Protein chains: 2
Amino acid sequence: MAQYYDAALAPAGLKGTQVALLNAVSLLDRPGMQRLAAALGMDRTTLTRNLRPLEVRALVALWPGEDQRERHVSLTGAGRATLAEALRLWEAAQEQLVSRLGADRARRVLDDLEDLSALARDA
Amino acid sequence: MAQYYDAALAPAGLKGTQVALLNAVSLLDRPGMQRLAAALGMDRTTLTRNLRPLEVRALVALWPGEDQRERHVSLTGAGRATLAEALRLWEAAQEQLVSRLGADRARRVLDDLEDLSALARDA
DNA sequence: GGGCGACAAGTGTATATGCACATATTTGAT
DNA sequence: ATCAAATATGTGCATATACACTTGTCGCCC
């Protein structure tokens with residue numbers, strides 16, 4: 001599945017995890033590393049390293065917070081544009097799968113996986 | 001999910017991917033690298049490297065085939081014993097999730113994921 | 001029987017991931 | 001005012017994964 005989405009996103013020059021990352025940043029009003037990592041269900045240190053190439057490509061910008069230990073992330077103009085393109089590609093890819101699987105089953109499997117991951121997390 | 005199963009398997013000293021690997025070997029009558037990798041849906045070169053620690057621990061043995069290019073894998077006695085223990089742990093972990101999710105939904109989500117991955121593979 | 005293309009597998013390199021540890025800053029108790 | 005504990009983050013190491021390239025062997029065609 002990850003490979004399928006990565007292939008679909010290639011025209012935007014992003015991978016699935018990078019789109020998820022940019023999207024989370026766009027939804028979260030300048031989050032710090034911890035909030036962002038928690039929102040993505042990703043290890044804090046993995047986030048640090050995944051952020052680097054996006055910073056190099058100037059898709060995100062990092063700012064110190066008032067608390068100088070913190071580093072806050074925001075999208076640049078280029079980041080917003082690239083994310084918008086990637087989300088179009090993502091949705092087209094999703095559309096492909098949903099139309100072939102059936103909308104009902106697609107909805108259902110997402111719900112089931114949500115519950116399953118919650119169970120595994122708490123168990 | 002992977003982390004949940006890894007934690008459950010820790011007493012056997014194996015991770016989820018390693019159990020899947022040993023199990024595939026036990027089902028496949030001395031397969032070569034390519035057949036085994038295909039059966040696991042794993043890259044051939046990833047398999048080579050994942051096999052190494054299992055060979056070091058003497059859970060699997062590697063044999064040249066009649067065709068000397070090939071290397072065939074089989075379980076050692078220790079490999080069979082460790083796999084049996086791991087499968088017990090695996091099933092207990094699975095039981096936990098299935099009982100909490102409901103047997104019907106559990107069966108359903110496995111079927112749905114099977115179909116989804118086939119779709120993504122072919123698309 | 002010689003050589004060339006096909007084929008099985010391993011190695012080099014790059015990215016993703018996460019735990020343990022290190023570093024820098026803030027906060028609070030005295 | 002000072003210092004220790006808490007907190008936010010980065011780094012070192014180890015593992016998993018996969019693509020591109022290399023190496024060794026086989027088979028066939030002449």
Side-chain angles (χ1 to χ4, degrees), chain A residues 1-10 12-22 24-25 28 30-57 59-74 117 120-121, chain B residues 1-7 9-10 13-22 24-25 28 30-57 59-74 117 120-121:
Chain A
M1 296 287 303
Q3 288 171 4
Y4 167 77
Y5 276 101
D6 283 353
L9 293 170
L14 293 174
K15 301 198 168 182
T17 53
Q18 295 178 313
V19 173
L21 206 171
L22 292 177
V25 172
L28 282 184
R30 289 163 105 76
M33 300 290 113
Q34 298 205 93
R35 273 236 335 241
L36 188 51
L40 289 161
M42 173 186 288
D43 187 87
R44 188 180 54 74
T45 65
T46 301
L47 173 60
T48 294
R49 305 193 217 240
N50 288 354
L51 227 34
R52 184 78 69 103
L54 298 175
E55 188 191 8
V56 169
R57 287 168 62 188
L59 301 179
V60 300
L62 295 167
W63 310 76
E66 287 194 21
D67 182 334
Q68 299 225 294
R69 293 172 298 185
E70 295 177 333
R71 289 172 79 214
H72 294 256
V73 193
S74 60
S117 65
R121 204 177 317 122
Chain B
M1 293 290 301
Q3 289 171 2
Y4 168 76
Y5 276 100
D6 283 353
L9 293 169
L14 293 174
K15 300 199 169 184
T17 54
Q18 296 178 311
V19 174
L21 207 172
L22 293 177
V25 172
L28 282 183
R30 290 164 106 73
M33 299 291 113
Q34 296 203 95
R35 272 232 339 235
L36 187 51
L40 288 161
M42 174 186 287
D43 187 88
R44 188 180 52 75
T45 66
T46 301
L47 173 60
T48 295
R49 303 191 217 244
N50 287 354
L51 228 32
R52 184 76 68 102
L54 298 175
E55 188 191 8
V56 169
R57 287 168 62 186
L59 302 180
V60 299
L62 294 167
W63 310 76
E66 289 195 17
D67 184 334
Q68 301 224 293
R69 291 172 298 183
E70 294 177 333
R71 288 172 80 212
H72 294 256
V73 192
S74 60
S117 65
R121 205 179 317 122

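Just so it is clear, the model here is predicted, and its values are computed rather than measured. We use all heavy atoms of the structure for the numbers below, so side chains are in, but hydrogens, waters and symmetry mates are not. Residue numbers start from 1 in every chain, and the chains themselves are labelled A, B, ... in the order their sequence lines are given, proteins ahead of strands.
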Roughly, in whole Å, what's the span from [atom1] in [X] to [atom2] in [N]?
{"X": "B:Lys15", "N": "D:dT15", "atom1": "NZ", "atom2": "C1'", "answer": "6 Å"}
{"X": "A:Leu47", "N": "C:dT15", "atom1": "CG", "atom2": "P", "answer": "17 Å"}
{"X": "A:Arg52", "N": "C:dA14", "atom1": "CZ", "atom2": "P", "answer": "16 Å"}
{"X": "A:Met33", "N": "D:dT11", "atom1": "CE", "atom2": "P", "answer": "12 Å"}
{"X": "B:Leu51", "N": "C:dT11", "atom1": "CG", "atom2": "C1'", "answer": "16 Å"}
{"X": "B:Leu21", "N": "D:dT17", "atom1": "CG", "atom2": "C1'", "answer": "14 Å"}

Could you pull out the closest heavy-atom pair between [X] and [Y], with the gap in Å?
{"X": "B:Arg35", "Y": "B:Pro31", "value": "NH2-CB, 3.9 Å"}
{"X": "B:Ala24", "Y": "B:Leu36", "value": "CB-CD1, 3.7 Å"}
{"X": "B:Gly65", "Y": "B:His72", "value": "CA-CD2, 3.5 Å"}
{"X": "A:Leu9", "Y": "A:Leu14", "value": "CB-O, 3.3 Å"}

statement: Protein heavy-atom contacts under 4.0 Å, written 5' to 3' over nucleotides 17-26 of chain C as B (base), S (sugar-phosphate only) or - (none), form the string SBBB---BBS
- prompt: NA contact type, A:Gly32, heavy-atom cut-off 4.0 Å: base, sugar-phosphate, or nothing?
  reply: sugar-phosphate
message: By the 4.0 Å heavy-atom rule, please label A:Arg35 as base, sugar-phosphate, or nothing.
response: nothing
field: Sole candidate of A:Val60, A:Val73, A:Leu62 that passes side-chain contact (heavy atoms from CB on, under 4.5 Å) when paired with A:Leu54
entry: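 Only one of A:Val60, A:Val73, A:Leu62 forms a side-chain contact (heavy atoms from CB on, under 4.5 Å) with A:Leu54, namely A:Val60.
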task: Apply side-chain contact (heavy atoms from CB on, under 4.5 Å) to A:Ala10 and list each qualifying residue two or more places apart in sequence or on a separate chain.
output: none
